[in-house]
Amino acid sequence: MTVQEIKQRFGIIGSNADLDRAIYVATQVAPTDLSVLVTGESGTGKEVFPQIVHQLSIRKHGSYIAVNCGAIPEGTIDSELFGHEKGSFTGAHEARKGYFEVANGGTIFLDEVAELPLSTQARLLRVLESGEFLKVGSSKVQKTDVRVIAATNVNIPDAISKGRFREDLYYRLNTIPILIPPLRSRNADIGLLFRKFASDFAVRYRMPAIRLTPDAQHMLEQYAWPGNIRQLKNVSEQISVIEKNRDVTASMLAPYLPHAQATSLPALVKSESSASDMSEREILYKVLFDLRRDLNDVKKLVLEWMQDGHANNPEQVQVLARILRDVQGTPVDAAGSIPAGGFASAHGFVPVQPTIEVEESLSLDEREKALIIKALEKNRGKRKYAAKELGISERTLYRKIHEYNIKG
């Protein structure tokens, strides 16, 4: 089948080159049994491509099961995918077949595959490599002949670097990658999609279809569409139901597009490889360290002024001496060493009571622990308010309290 025929059969709208490439790859890989990984942002329509691959494959008469991995609790995901034996866990009153057993000879679509727990990822890898799996609570190896198509909107290489996804499973799934372009890179398709959705909703709700004025059309094309096609469809439905005027202008459209006024500005993209990528906590510590260095510079500068005779009288000398003492501990001379009991100036020897400078800890963990203790004390032990002041979730605060063994 041609790309255009595929679009007509599966209801795909658009003429974007990247979209056409994704469809072409899907048609080429369909007759094989290779694993496929569909990637793209949320709302781009990734769920259509596994259906294309399945319907054009020799397995099209077999089962097609779509599984949303992110919607299944971690405690039951193994049972859902691989089945379980009677009595294998509390509530297992009878044996149950898993999706891999039910879909034998067909296709399984694992949506949001990056949400799978690491233990389940190991089980999935075994199925992909040998077609073997174990039911929960069973020691009997079973075989299955299933084609696996996975999809995710997560940057898997980044998840691998953080230990959240198995690298070997990634390369096993990513035999044939299919990348779905985001809607913001398909400007010419946005108007077509909007008109299609508007026509569908007009039929569904038995009302005239809404139409875009040129300025509204321009606004749609300039908008960033963080929710992609799903967001565009929702906006079309909202306007179809709410607005009485069927001719939609830019001023009517703007309230339905969050931050539409900022769409013409360049987007800030975080570089994953940037060495300056720091957390807020690290940035705060860097500011404190820079401040400490600046204070030391102030001490040396004041001392140089005093020794070079820039102070006009002994009273000014004493004021500058107190600044040296109060800014940060023990006074220093122009060479950076500590004078014994004071220092010589143009107005004679100036005694300064030495203080002991304690080297502060540079440990980020100790700093963090101290900040948490301070926040808890300030909020009288109320963790909810302490977490809010620290700018972290209560769950993270509980974990940090346990990690640092903070009492009270």
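Within the 4.5 Å cutoff, the side chain of Lys7 has heavy atoms near those of the Asp20 side chain. Looking at Lys135 and Lys140, their side chains never come closer than 4.5 Å, going by heavy atoms from C-beta outward. Looking only at side-chain heavy atoms (C-beta outward), Leu183 and Thr44 stay at 4.5 Å or farther from each other. Leu376 has its side chain within reach of Ile401: a pair of non-hydrogen atoms, C-beta onward, lies under 4.5 Å apart. No side-chain heavy atom of His93 sits less than 4.5 Å from a side-chain heavy atom of Lys86. Looking only at side-chain heavy atoms (C-beta outward), Lys378 and Lys374 stay at 4.5 Å or farther from each other. Side-chain atoms of Phe10 and Ile23, non-hydrogen and from C-beta on, never get closer than 4.5 Å to each other. Annotation: side chain of Ser42 is not in contact with side chain of Asn228 (no heavy-atom distance under 4.5 Å).
Across all their heavy atoms, Leu125 and Leu169 have their closest contact at CD1-CA, 4.0 Å. The nearest pair of heavy atoms linking Asp247 to Met252 is O-SD, 3.5 Å. The nearest pair of heavy atoms linking Val154 to Ala159 is CG1-CB, 4.3 Å. Contact detail for Ile210 and Ala198: the closest heavy-atom pair is CG1-CB, 3.6 Å. Minimum interatomic distance between Ser63 and Ala103 (heavy atoms only, all atoms of both residues): CB-CA, 4.0 Å. The minimum heavy-atom distance linking Val113 with Phe165 is given by the pair O-CE1, 3.7 Å.
Electrostatic pairing of Glu85 and Arg96 does not count as a salt bridge here, judged by no charged N lying under 4.0 Å from a carboxylate O. Taking a cutoff of 4.0 Å between a charged side-chain nitrogen and a carboxylate oxygen, Arg126 and Glu132 qualify as a salt bridge. The pair Lys46-Asp111 does not meet the salt-bridge criterion, since no charged nitrogen lies less than 4.0 angstrom from a carboxylate oxygen. Ion pairing between Arg204 and Asp200 fails under the 4.0 Å rule for side-chain N and carboxylate O. Checked for salt-bridge contact, Arg59 and Asp33 meet the test: a charged N lies under 4.0 Å from a carboxylate O. Look at Arg172 and Glu129 and you find no salt bridge, because none of the NZ, NE, NH1 or NH2 atoms lies under 4.0 Å from a carboxylate O. Checked for salt-bridge contact, Lys400 and Glu368 meet the test: a charged N lies under 4.0 Å from a carboxylate O. Between Glu41 and Arg184 there is a salt bridge, with a side-chain nitrogen of the basic residue lying less than 4.0 Å from a carboxylate oxygen of the acidic one.
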Would Leu193 and Arg186 count as a side chain to side chain contact (heavy atoms under 4.5 Å, CB included) here? Give the steps. CA-CA 10 Å; Leu193 287 164; Arg186 300 171 52 191; 4.1 Å; yes

Salt bridge (Lys or Arg N to Asp or Glu O under 4.0 Å) for Arg164 and Asp158? Distances and angles first, verdict last. CA-CA 9 Å; Arg164 298 174 183 169; Asp158 182 58; 5.9 Å; no

Go through the steps for Lys369 and Ile406 under the test side chain to side chain contact (heavy atoms under 4.5 Å, CB included), then give the verdict. CA-CA 8 Å; Lys369 180 178 179 181; Ile406 298 175; 4.2 Å; yes

Thr396 vs Ser393, side-chain hydrogen bond (donor to acceptor under 3.5 Å, both in side chains): CA-CA, chis, key distance, verdict: CA-CA 5 Å; Thr396 300; Ser393 66; 2.9 Å; yes

One pair to check against side chain to side chain contact (heavy atoms under 4.5 Å, CB included): Asp168 and Arg166. What are the steps and the verdict? CA-CA 6 Å; Asp168 48 4; Arg166 294 178 61 106; 2.8 Å; yes

Verify side-chain hydrogen bond (donor to acceptor under 3.5 Å, both in side chains) between Gln51 and Glu47, making sure each step is shown before the conclusion. CA-CA 7 Å; Gln51 297 179 34; Glu47 65 280 355; over 6 Å; no

Are Phe133 and Arg123 close enough, and set up right, to give a side chain to side chain contact (heavy atoms under 4.5 Å, CB included), and what steps lead you there? CA-CA 7 Å; Phe133 68 94; Arg123 286 174 171 263; 5.9 Å; no

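Phe100 and Phe82 have parallel rings, their planes meeting at less than 30° on a 0 to 90° scale where 60° marks the start of perpendicular.
Heavy-atom contacts from other residues, nucleotides or ligands closer than 6.0 Å to NZ of Lys388 number 12 or fewer. Heavy-atom neighbours of Lys143 NZ from other residues, nucleotides or ligands within 6.0 Å: above the threshold of 12. The environment of CZ in Arg21 is sparse: at most 12 heavy-atom neighbours from other residues, nucleotides or ligands sit within 6.0 Å. Other residues, nucleotides and ligands place no more than 12 heavy atoms under 6.0 Å from the CD atom of Glu74. Within a 6.0 Å sphere centred on OH of Tyr385, other residues, nucleotides and ligands contribute 12 heavy atoms or fewer.
Within the 3.5 Å criterion, the main-chain N or O of Ala209 finds no donor-acceptor partner in the side chain of Arg246. The backbone N or O of Leu220 lies less than 3.5 Å from a partner atom in the side chain of Trp225, making a donor-acceptor pair. In this structure, the side chain of Asn16 engages the main chain of Asp18 through a donor-acceptor pair within 3.5 Å. Remark: side-chain polar atoms of His84 are not paired, donor with acceptor, to backbone N or O of Lys97 under 3.5 angstrom. Between the side chain of Arg147 and the backbone N or O of Thr32 there is at least one donor-acceptor pair closer than 3.5 Å.
Looking at residues two or more places apart in sequence or on another chain, you find no ring-ring contact (aromatic ring centres under 6.0 Å, His included) involving Tyr24. Checked against side chain to side chain donor-acceptor pair (under 3.5 Å), Arg195 has no partners two or more places apart in sequence or in another chain.
Glu243 and Tyr256 are linked by a side-chain donor-acceptor pair at a separation below 3.5 angstrom, with hydrogens and angles left out of the test.
Among residue pairs with one or both ends in residues 231-240, those qualifying as side-chain hydrogen bond (donor to acceptor under 3.5 Å, both in side chains) are Tyr205-Glu237, Tyr223-Gln231; sequence neighbours excluded.
Atom CD1 of Ile149 and atom CD1 of Ile178 lie 7.5 Å apart (nearest 0.5 Å). One finds the CD1 atom of Ile372 at 12.5 Å from the CD atom of Glu389 (value rounded to the nearest 0.5 Å). The CG atom of Asp78 lies 3.5 Å from the OG1 atom of Thr120; values are rounded to the nearest 0.5 Å. Separating the CG atom in Leu34 from the CG atom in Leu173 is a distance of 12.5 Å, to the nearest 0.5 Å. The OG1 atom of Thr39 sits 7.5 Å away from atom CG of Asn174, with the distance rounded to the nearest 0.5 Å. Atom OG1 of Thr152 is separated from atom CG of Leu37 by 7.5 Å, given to the nearest 0.5 angstrom.
Considering Val102, Asn104, Ile108 in turn, Asn104 is the only one that fulfils the side chain to side chain contact (heavy atoms under 4.5 Å, CB included) rule with Thr144.
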